[in-house]
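Counting begins at 1 with the first residue of the sequence.
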Amino acid sequence: MGTLGVSYTDPTQASTTPVHLEIKRSAIASSAVSPGVTITQLSPTIKLTTDPTAVAGRPFNVTFSTL
């Protein structure tokens with residue numbers, strides 16, 4: 001079993017709409033999920049959404065368990 005860490009930030013603080021990310025990997029679980037992150041799918045790809053409003057450019061972080 002391995003881990004995959006993902007981090008996303010908008011240093012411009014210009015984004016006001018949700019950001020949808022898709023990672024071409026699968027995971028079996030998630031942990032250490034930052035507030036404002038919604039994980040919508042773990043397999044066959046990882047899909048998550050971040051809500052950049054009111055976070056002042058702070059990063060979003062998630063750790064996934066992988067096979």
Q: Evaluate the side chain to side chain contact (heavy atoms under 4.5 Å, CB included) criterion for residues F60 and V55: first the C-alpha distance (whole Å), next the side-chain angles of each, then the deciding distance (0.1 Å), finally the verdict.
A: CA-CA 9 Å; F60 295 99; V55 295; 4.0 Å; yes

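Scanning all heavy atoms of the two residues, the minimum distance from S65 to M1 falls at CB-SD, 4.1 Å.
Checked by atom type and distance alone, the side chain of T50 never pairs as donor or acceptor with a backbone atom of P52 at under 3.5 Å. D10 contributes a side-chain N or O that, together with a main-chain N or O of S15, makes up a donor-acceptor pair within less than 3.5 Å.
Between L4 and T63 the shortest side-chain heavy-atom distance does not fall below 4.5 Å. Residues L42 and F64 have side chains in contact (heavy-atom distance under 4.5 Å, counting atoms from C-beta outward). Residues I46 and L48 have side chains in contact (heavy-atom distance under 4.5 Å, counting atoms from C-beta outward).
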Solution key, residues 21-35 side-chain donor-acceptor pairs under 3.5 Å, sequence neighbours excluded:
| residue | atom | partner | partner atom | Å |
| --- | --- | --- | --- | --- |
| E22 | OE2 | T45 | OG1 | 2.8 |
| S34 | OG | N61 | N | 2.8 |
| S34 | OG | N61 | O | 3.1 |

